[in-house]
Amino acid sequence: MQLQTITLASAIIGAISALETHGGYDYETRFKPDASPETNAIKDSYEATAAEQAYTRLQEKVQLTGVAHQCLNFTEGAQPATLYALKDCIAADSKGNFFKLLAEDIENSNDFWGEILLESTNNRTQWVPARAWTKCYFNGDLTAVQFAAWSLSPNADAANLHANPEHFYKETTLDASGSQSSQIFEGWGGVLSKFGTARTNFLVPAFSTPVYGTENTPAAWDIGVKFPLPLQRVGDKVLASGGQETFGVLHIAVRDFAASEGTTGKSGIEIYSAVWYPPWDQASEEDKAEFVNNYLADEAHHMVVEVINLTLQAHEDCKTGLCVLPSGK
(Lines give C-alpha, C1' and ligand atoms only; values in the text may rest on other atoms or scores of the structure.)
Protein backbone atom coordinates (compact mmCIF):
# COMPACT_ATOMS: atom_id res chain seq x y z
CA MET A 1 0.00 0.00 0.00
CA GLN A 2 2.80 2.40 0.86
CA LEU A 3 4.51 1.66 -2.48
CA GLN A 4 1.24 2.26 -4.33
CA THR A 5 0.78 5.58 -2.52
CA ILE A 6 4.30 6.72 -3.37
CA THR A 7 3.84 5.70 -7.01
CA LEU A 8 0.53 7.54 -7.21
CA ALA A 9 2.02 10.64 -5.60
CA SER A 10 4.92 10.58 -8.04
CA ALA A 11 2.51 10.35 -10.96
CA ILE A 12 0.52 13.29 -9.66
CA ILE A 13 3.66 15.38 -9.17
CA GLY A 14 4.79 14.47 -12.67
CA ALA A 15 1.44 15.49 -14.15
CA ILE A 16 1.48 18.80 -12.32
CA SER A 17 5.07 19.61 -13.26
CA ALA A 18 4.28 18.98 -16.93
CA LEU A 19 2.15 22.14 -16.96
CA GLU A 20 3.48 25.68 -17.26
CA THR A 21 1.26 28.71 -16.74
CA HIS A 22 1.44 31.96 -18.69
CA GLY A 23 -1.07 34.79 -18.77
CA GLY A 24 -3.35 32.79 -16.50
CA TYR A 25 -3.53 29.80 -18.88
CA ASP A 26 -1.91 26.38 -18.64
CA TYR A 27 0.25 24.91 -21.40
CA GLU A 28 1.49 21.37 -21.95
CA THR A 29 4.04 20.19 -24.53
CA ARG A 30 5.04 16.93 -26.20
CA PHE A 31 7.93 16.56 -28.62
CA LYS A 32 6.88 13.13 -29.93
CA PRO A 33 3.41 12.02 -31.01
CA ASP A 34 2.93 9.26 -28.44
CA ALA A 35 5.10 10.69 -25.67
CA SER A 36 3.97 11.86 -22.27
CA PRO A 37 3.96 15.63 -21.74
CA GLU A 38 7.28 17.22 -20.89
CA THR A 39 7.92 17.37 -17.16
CA ASN A 40 9.98 20.56 -17.30
CA ALA A 41 8.68 23.98 -18.30
CA ILE A 42 9.93 25.05 -21.73
CA LYS A 43 9.23 28.73 -22.28
CA ASP A 44 10.92 30.80 -19.59
CA SER A 45 14.36 29.18 -19.55
CA TYR A 46 14.65 28.94 -23.34
CA GLU A 47 13.30 32.44 -23.90
CA ALA A 48 15.70 33.94 -21.34
CA THR A 49 18.78 32.31 -22.87
CA ALA A 50 17.73 33.15 -26.43
CA ALA A 51 17.05 36.74 -25.37
CA GLU A 52 20.51 37.09 -23.85
CA GLN A 53 22.13 35.84 -27.05
CA ALA A 54 20.02 38.02 -29.35
CA TYR A 55 20.49 41.10 -27.16
CA THR A 56 24.26 40.69 -27.13
CA ARG A 57 24.44 40.18 -30.89
CA LEU A 58 22.20 43.14 -31.75
CA GLN A 59 24.02 45.50 -29.39
CA GLU A 60 27.35 44.40 -30.85
CA LYS A 61 26.18 45.01 -34.41
CA VAL A 62 24.56 48.38 -33.61
CA GLN A 63 27.84 49.55 -32.09
CA LEU A 64 29.82 48.23 -35.05
CA THR A 65 27.61 49.54 -37.87
CA GLY A 66 25.98 52.63 -36.35
CA VAL A 67 22.60 51.42 -37.66
CA ALA A 68 19.84 52.40 -35.21
CA HIS A 69 22.53 53.87 -32.95
CA GLN A 70 19.88 55.62 -30.85
CA CYS A 71 18.89 52.18 -29.56
CA LEU A 72 22.12 51.79 -27.60
CA ASN A 73 20.63 53.82 -24.77
CA PHE A 74 18.74 50.89 -23.29
CA THR A 75 19.49 49.76 -19.75
CA GLU A 76 22.02 46.98 -19.59
CA GLY A 77 20.52 43.56 -19.24
CA ALA A 78 19.18 40.83 -21.45
CA GLN A 79 15.84 39.83 -20.03
CA PRO A 80 13.23 39.10 -22.72
CA ALA A 81 11.41 42.38 -22.03
CA THR A 82 14.64 44.35 -22.54
CA LEU A 83 15.41 42.50 -25.76
CA TYR A 84 11.89 43.08 -27.09
CA ALA A 85 12.18 46.80 -26.31
CA LEU A 86 15.51 46.90 -28.16
CA LYS A 87 13.98 45.20 -31.19
CA ASP A 88 11.03 47.60 -31.14
CA CYS A 89 13.45 50.54 -31.19
CA ILE A 90 15.42 49.10 -34.10
CA ALA A 91 12.25 48.37 -36.09
CA ALA A 92 10.74 51.79 -35.36
CA ASP A 93 13.59 53.36 -37.32
CA SER A 94 13.15 50.83 -40.16
CA LYS A 95 11.97 47.21 -40.24
CA GLY A 96 14.78 46.60 -42.70
CA ASN A 97 17.43 47.44 -40.12
CA PHE A 98 17.68 43.84 -38.99
CA PHE A 99 18.83 42.80 -42.46
CA LYS A 100 21.57 45.46 -42.34
CA LEU A 101 22.65 44.62 -38.81
CA LEU A 102 22.69 40.87 -39.30
CA ALA A 103 23.83 40.63 -42.93
CA GLU A 104 26.89 38.60 -41.93
CA ASP A 105 24.68 36.20 -39.98
CA ILE A 106 22.47 35.67 -43.02
CA GLU A 107 25.50 34.82 -45.16
CA ASN A 108 26.75 32.37 -42.54
CA SER A 109 23.32 30.77 -42.36
CA ASN A 110 23.15 30.41 -46.13
CA ASP A 111 26.52 28.61 -46.02
CA PHE A 112 25.30 26.35 -43.20
CA TRP A 113 22.16 25.29 -45.03
CA GLY A 114 24.04 25.02 -48.32
CA GLU A 115 26.38 22.46 -46.75
CA ILE A 116 23.46 20.49 -45.30
CA LEU A 117 21.65 20.44 -48.66
CA LEU A 118 24.82 19.35 -50.47
CA GLU A 119 25.31 16.45 -48.05
CA SER A 120 21.68 15.29 -47.78
CA THR A 121 19.22 13.21 -49.74
CA ASN A 122 16.37 15.12 -51.39
CA ASN A 123 14.02 12.19 -50.75
CA ARG A 124 11.55 13.68 -48.30
CA THR A 125 10.62 10.28 -46.89
CA GLN A 126 14.09 10.38 -45.28
CA TRP A 127 13.81 13.91 -43.87
CA VAL A 128 13.83 14.56 -40.13
CA PRO A 129 11.54 16.81 -38.05
CA ALA A 130 11.74 19.52 -35.46
CA ARG A 131 8.23 19.42 -34.02
CA ALA A 132 6.06 20.02 -31.00
CA TRP A 133 2.48 19.42 -29.92
CA THR A 134 1.38 22.15 -27.49
CA LYS A 135 -1.93 22.00 -25.65
CA CYS A 136 -3.19 25.45 -24.65
CA TYR A 137 -5.91 25.27 -22.00
CA PHE A 138 -8.01 28.29 -22.95
CA ASN A 139 -11.26 26.55 -21.98
CA GLY A 140 -13.25 28.25 -24.76
CA ASP A 141 -11.55 31.66 -24.51
CA LEU A 142 -9.67 30.98 -27.79
CA THR A 143 -10.82 28.48 -30.43
CA ALA A 144 -8.93 26.77 -33.22
CA VAL A 145 -10.80 28.69 -35.92
CA GLN A 146 -10.16 31.97 -34.13
CA PHE A 147 -6.44 31.28 -33.90
CA ALA A 148 -6.25 30.19 -37.54
CA ALA A 149 -8.04 33.36 -38.64
CA TRP A 150 -5.82 35.54 -36.47
CA SER A 151 -2.72 33.86 -37.93
CA LEU A 152 -3.74 35.08 -41.39
CA SER A 153 -4.23 38.65 -40.23
CA PRO A 154 -1.73 41.54 -40.04
CA ASN A 155 -1.97 41.24 -36.26
CA ALA A 156 0.06 38.03 -36.36
CA ASP A 157 2.87 39.80 -38.22
CA ALA A 158 2.66 42.71 -35.78
CA ALA A 159 3.15 40.26 -32.89
CA ASN A 160 6.16 38.59 -34.49
CA LEU A 161 8.99 40.56 -32.84
CA HIS A 162 7.67 39.73 -29.38
CA ALA A 163 6.77 36.13 -30.21
CA ASN A 164 10.34 34.95 -29.81
CA PRO A 165 13.72 36.56 -29.05
CA GLU A 166 15.04 35.05 -32.29
CA HIS A 167 12.43 36.72 -34.54
CA PHE A 168 13.51 39.73 -36.60
CA TYR A 169 11.08 40.15 -39.51
CA LYS A 170 7.87 38.66 -40.87
CA GLU A 171 5.63 39.86 -43.65
CA THR A 172 2.66 37.81 -44.80
CA THR A 173 0.85 38.48 -48.06
CA LEU A 174 -2.61 37.32 -49.11
CA ASP A 175 -3.47 37.54 -52.79
CA ALA A 176 -6.94 38.09 -54.24
CA SER A 177 -7.73 34.38 -53.95
CA GLY A 178 -6.64 34.29 -50.31
CA SER A 179 -3.43 32.36 -50.98
CA GLN A 180 -0.80 33.07 -48.34
CA SER A 181 2.95 33.62 -48.66
CA SER A 182 5.51 34.92 -46.18
CA GLN A 183 8.99 36.35 -45.86
CA ILE A 184 10.55 35.48 -42.52
CA PHE A 185 13.86 36.33 -40.88
CA GLU A 186 14.58 34.46 -37.67
CA GLY A 187 17.17 32.33 -35.95
CA TRP A 188 17.38 29.15 -33.93
CA GLY A 189 20.04 26.72 -32.80
CA GLY A 190 22.18 28.47 -30.21
CA VAL A 191 20.51 27.47 -26.96
CA LEU A 192 20.74 23.68 -26.95
CA SER A 193 23.11 23.02 -29.85
CA LYS A 194 26.81 23.70 -30.12
CA PHE A 195 26.28 24.71 -33.75
CA GLY A 196 25.11 28.14 -32.62
CA THR A 197 22.25 30.21 -33.97
CA ALA A 198 21.62 30.19 -37.72
CA ARG A 199 19.83 33.48 -38.41
CA THR A 200 18.07 32.68 -41.66
CA ASN A 201 16.25 34.89 -44.16
CA PHE A 202 13.73 32.73 -45.99
CA LEU A 203 10.50 32.68 -47.95
CA VAL A 204 7.44 30.49 -47.77
CA PRO A 205 6.19 31.10 -51.33
CA ALA A 206 2.89 29.30 -50.76
CA PHE A 207 0.94 27.50 -48.08
CA SER A 208 -1.41 24.67 -48.99
CA THR A 209 -3.49 21.94 -47.41
CA PRO A 210 -1.33 18.81 -47.15
CA VAL A 211 -1.98 15.90 -49.48
CA TYR A 212 -0.37 13.00 -47.68
CA GLY A 213 1.30 10.14 -49.48
CA THR A 214 2.76 12.34 -52.21
CA GLU A 215 6.36 13.12 -53.14
CA ASN A 216 6.20 16.53 -51.44
CA THR A 217 4.22 15.43 -48.37
CA PRO A 218 5.06 11.82 -47.45
CA ALA A 219 2.57 9.64 -45.63
CA ALA A 220 4.77 9.62 -42.52
CA TRP A 221 4.05 13.34 -42.07
CA ASP A 222 0.33 12.65 -41.53
CA ILE A 223 -0.70 13.77 -38.03
CA GLY A 224 -4.03 11.95 -37.99
CA VAL A 225 -7.71 12.72 -38.14
CA LYS A 226 -7.86 14.71 -34.91
CA PHE A 227 -6.40 17.70 -36.75
CA PRO A 228 -8.93 18.80 -39.41
CA LEU A 229 -7.32 19.20 -42.83
CA PRO A 230 -8.82 22.69 -43.37
CA LEU A 231 -6.84 23.82 -40.30
CA GLN A 232 -3.53 22.38 -41.54
CA ARG A 233 -1.01 24.12 -43.79
CA VAL A 234 2.31 23.07 -45.31
CA GLY A 235 4.79 25.26 -47.15
CA ASP A 236 8.36 25.00 -48.42
CA LYS A 237 11.01 27.06 -46.63
CA VAL A 238 13.17 28.62 -49.36
CA LEU A 239 16.38 30.57 -48.81
CA ALA A 240 15.67 34.15 -49.85
CA SER A 241 19.01 34.70 -51.58
CA GLY A 242 21.34 32.77 -53.86
CA GLY A 243 19.70 29.90 -55.69
CA GLN A 244 16.64 30.05 -53.46
CA GLU A 245 16.98 26.39 -52.48
CA THR A 246 14.28 24.66 -50.46
CA PHE A 247 15.91 23.78 -47.14
CA GLY A 248 12.85 22.65 -45.17
CA VAL A 249 9.09 22.28 -45.10
CA LEU A 250 6.88 24.01 -42.54
CA HIS A 251 3.79 22.15 -41.28
CA ILE A 252 1.36 23.82 -38.89
CA ALA A 253 -2.04 22.71 -37.61
CA VAL A 254 -4.52 23.59 -34.90
CA ARG A 255 -7.52 21.81 -33.40
CA ASP A 256 -9.97 22.13 -30.56
CA PHE A 257 -9.85 19.47 -27.86
CA ALA A 258 -12.35 18.50 -25.19
CA ALA A 259 -11.71 18.62 -21.46
CA SER A 260 -11.64 14.82 -21.42
CA GLU A 261 -8.55 14.85 -23.67
CA GLY A 262 -6.46 16.96 -21.32
CA THR A 263 -5.06 16.73 -17.82
CA THR A 264 -6.56 19.84 -16.22
CA GLY A 265 -10.30 19.29 -16.55
CA LYS A 266 -10.43 22.14 -19.09
CA SER A 267 -10.75 22.23 -22.86
CA GLY A 268 -8.54 24.17 -25.22
CA ILE A 269 -6.67 24.18 -28.50
CA GLU A 270 -3.72 22.05 -29.52
CA ILE A 271 -1.16 23.43 -31.95
CA TYR A 272 1.13 21.20 -33.97
CA SER A 273 4.21 22.99 -35.26
CA ALA A 274 6.82 21.20 -37.32
CA VAL A 275 9.59 21.71 -39.83
CA TRP A 276 10.93 18.78 -41.85
CA TYR A 277 14.57 19.06 -42.86
CA PRO A 278 17.09 17.18 -45.01
CA PRO A 279 18.80 14.68 -42.67
CA TRP A 280 22.44 15.66 -43.35
CA ASP A 281 22.96 11.96 -43.81
CA GLN A 282 26.32 12.34 -45.60
CA ALA A 283 27.87 14.41 -42.78
CA SER A 284 30.22 13.00 -40.17
CA GLU A 285 28.51 10.90 -37.51
CA GLU A 286 29.23 13.63 -34.96
CA ASP A 287 27.68 16.44 -37.04
CA LYS A 288 24.71 14.33 -38.08
CA ALA A 289 23.97 13.40 -34.46
CA GLU A 290 24.35 17.00 -33.30
CA PHE A 291 21.99 18.19 -36.04
CA VAL A 292 19.30 15.57 -35.48
CA ASN A 293 19.44 15.37 -31.69
CA ASN A 294 20.25 18.92 -30.57
CA TYR A 295 19.89 21.44 -33.37
CA LEU A 296 16.38 20.25 -34.24
CA ALA A 297 15.50 20.14 -30.54
CA ASP A 298 16.53 23.80 -30.40
CA GLU A 299 13.98 24.68 -33.05
CA ALA A 300 11.28 22.59 -31.39
CA HIS A 301 11.78 24.56 -28.16
CA HIS A 302 11.83 27.79 -30.18
CA MET A 303 8.42 26.86 -31.60
CA VAL A 304 6.93 26.24 -28.15
CA VAL A 305 7.96 29.73 -27.01
CA GLU A 306 6.43 31.12 -30.18
CA VAL A 307 3.16 29.20 -29.76
CA ILE A 308 2.70 30.36 -26.18
CA ASN A 309 3.42 34.01 -26.90
CA LEU A 310 1.30 34.08 -30.06
CA THR A 311 -1.72 32.36 -28.54
CA LEU A 312 -1.71 34.82 -25.64
CA GLN A 313 -1.59 37.73 -28.08
CA ALA A 314 -4.29 36.16 -30.27
CA HIS A 315 -6.49 35.83 -27.20
CA GLU A 316 -6.06 39.52 -26.40
CA ASP A 317 -6.75 40.53 -29.99
CA CYS A 318 -9.81 38.28 -30.24
CA LYS A 319 -11.37 40.05 -27.28
CA THR A 320 -11.41 43.20 -29.41
CA GLY A 321 -12.88 41.49 -32.47
CA LEU A 322 -9.68 41.01 -34.49
CA CYS A 323 -10.01 37.25 -35.05
CA VAL A 324 -11.91 37.29 -38.31
CA LEU A 325 -10.97 35.68 -41.59
CA PRO A 326 -9.43 38.11 -44.09
CA SER A 327 -11.72 39.15 -46.91
CA GLY A 328 -9.91 36.96 -49.42
CA LYS A 329 -10.72 33.77 -47.55
Side-chain angles (χ1 to χ4, degrees), residues 30-35 109-134 151 172 179-184 186-189 193 195 198 200-255 270-304 306-307:
R30 292 175 294 131
F31 290 122
K32 294 182 180 180
D34 299 320
S109 176
N110 288 343
D111 291 342
F112 174 72
W113 290 113
E115 182 178 359
I116 290 174
L117 289 170
L118 187 65
E119 297 180 347
S120 293
T121 177
N122 59 8
N123 181 350
R124 293 188 180 186
T125 65
Q126 304 302 311
W127 284 19
V128 289
R131 55 183 173 173
W133 289 255
T134 304
S151 298
T172 301
S179 297
Q180 178 188 8
S181 62
S182 294
Q183 180 181 3
I184 300 170
E186 63 182 58
W188 59 91
S193 172
F195 285 162
T200 307
N201 179 24
F202 64 95
L203 309 172
V204 183
F207 289 85
S208 61
T209 302
V211 180
Y212 295 114
T214 62
E215 181 179 359
N216 287 334
T217 314
W221 298 10
D222 192 343
I223 54 176
V225 297
K226 284 187 177 181
F227 285 91
L229 275 175
L231 296 180
Q232 295 190 44
R233 290 291 183 271
V234 292
D236 287 356
K237 295 176 68 170
V238 177
L239 294 173
S241 57
Q244 296 197 334
E245 299 95 341
T246 297
F247 70 101
V249 179
L250 178 66
H251 184 187
I252 54 177
V254 60
R255 73 177 184 100
E270 183 173 29
I271 295 175
Y272 172 76
S273 48
V275 183
W276 290 84
Y277 287 114
W280 211 2
D281 50 309
Q282 297 162 39
S284 68
E285 289 300 317
E286 181 182 358
D287 282 349
K288 179 182 176 181
E290 178 67 19
F291 180 71
V292 172
N293 297 328
N294 296 328
Y295 187 81
L296 297 186
D298 232 316
E299 185 166 10
H301 284 67
H302 167 114
M303 291 188 290
V304 173
E306 184 174 342
V307 163

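This chain uses plain numbering: 1 for the first residue, then up along the sequence. These numbers come from the heavy atoms of this one structure, side chains and all, not from hydrogens, waters or symmetry mates.
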How close do [X] and [Y] get, heavy atom to heavy atom, and via which atoms?
X	Y	answer
N216	R124	O-NH1, 3.1 Å
E299	A130	CB-CB, 4.0 Å
W276	P129	CZ3-CD, 3.6 Å
R131	A274	CB-CB, 3.5 Å
V238	T246	CG2-OG1, 3.6 Å
T134	V304	OG1-CG2, 4.0 Å

Can you spot which of S182, S151, S181 makes a side chain to side chain donor-acceptor pair (under 3.5 Å) with T172? S182
Min side-chain heavy-atom separation [X]-[Y] under 4.5 Å:
X	Y	answer
P33	I223	no
V307	S273	yes
V249	Y277	no
W127	P279	yes

Any sub-3.5 Å donor-acceptor pair from [X]'s side-chain atoms to [Y]'s backbone N or O?
X	Y	value
N293	A289	yes
T200	F202	no
T217	T214	no

Go through the steps for L229 and Y212 under the test side chain to side chain contact (heavy atoms under 4.5 Å, CB included), then give the verdict. CA-CA 11 Å; L229 275 175; Y212 295 114; 4.1 Å; yes
Roughly how far, to the nearest 0.5 Å, is [atom2] of [Y] from [atom1] of [X]?
X	Y	atom1	atom2	answer
I116	Q282	CD1	CD	12.0 Å
D236	Q244	CG	CD	12.0 Å
L203	I184	CG	CD1	9.0 Å
E306	I271	CD	CD1	9.5 Å
H302	E186	NE2	CD	4.0 Å

Which class fits the ring pair W113 and Y295: parallel under 30°, tilted 30 to 60°, perpendicular over 60°? perpendicular
What orientation do Y272 and W133 show, parallel under 30°, tilted 30 to 60°, or perpendicular over 60°? tilted
Modelled atom types, side-chain donor and acceptor of [X] and [Y], under 3.5 Å:
X	Y	result
S193	E290	yes
N123	T125	yes
N110	S241	yes

Do we get R255 above F227's six-membered ring, with its NZ or CZ under 6.0 Å from the centre and within 45° of the axis? yes
Apply side chain to side chain contact (heavy atoms under 4.5 Å, CB included) to E115 and W280, showing your working. CA-CA 9 Å; E115 182 178 359; W280 211 2; 3.8 Å; yes
Could you tell me whether R30 and E270 make a salt bridge, using a distance below 4.0 angstrom between a side-chain N and a carboxylate O?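 Looking at R30 and E270, the cut-off is met.
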Does K237 form a salt bridge (Lys or Arg N to Asp or Glu O under 4.0 Å) with E245? I'd like the steps, not just the answer. CA-CA 8 Å; K237 295 176 68 170; E245 299 95 341; over 6 Å; no
Using the side chain to side chain contact (heavy atoms under 4.5 Å, CB included) rule, take T209 and R233 through it: C-alpha gap first, then chi angles, then the decisive distance, then the call. CA-CA 5 Å; T209 302; R233 290 291 183 271; 3.4 Å; yes
Aromatic contact, F291 with F195 (centres under 6.0 Å): no
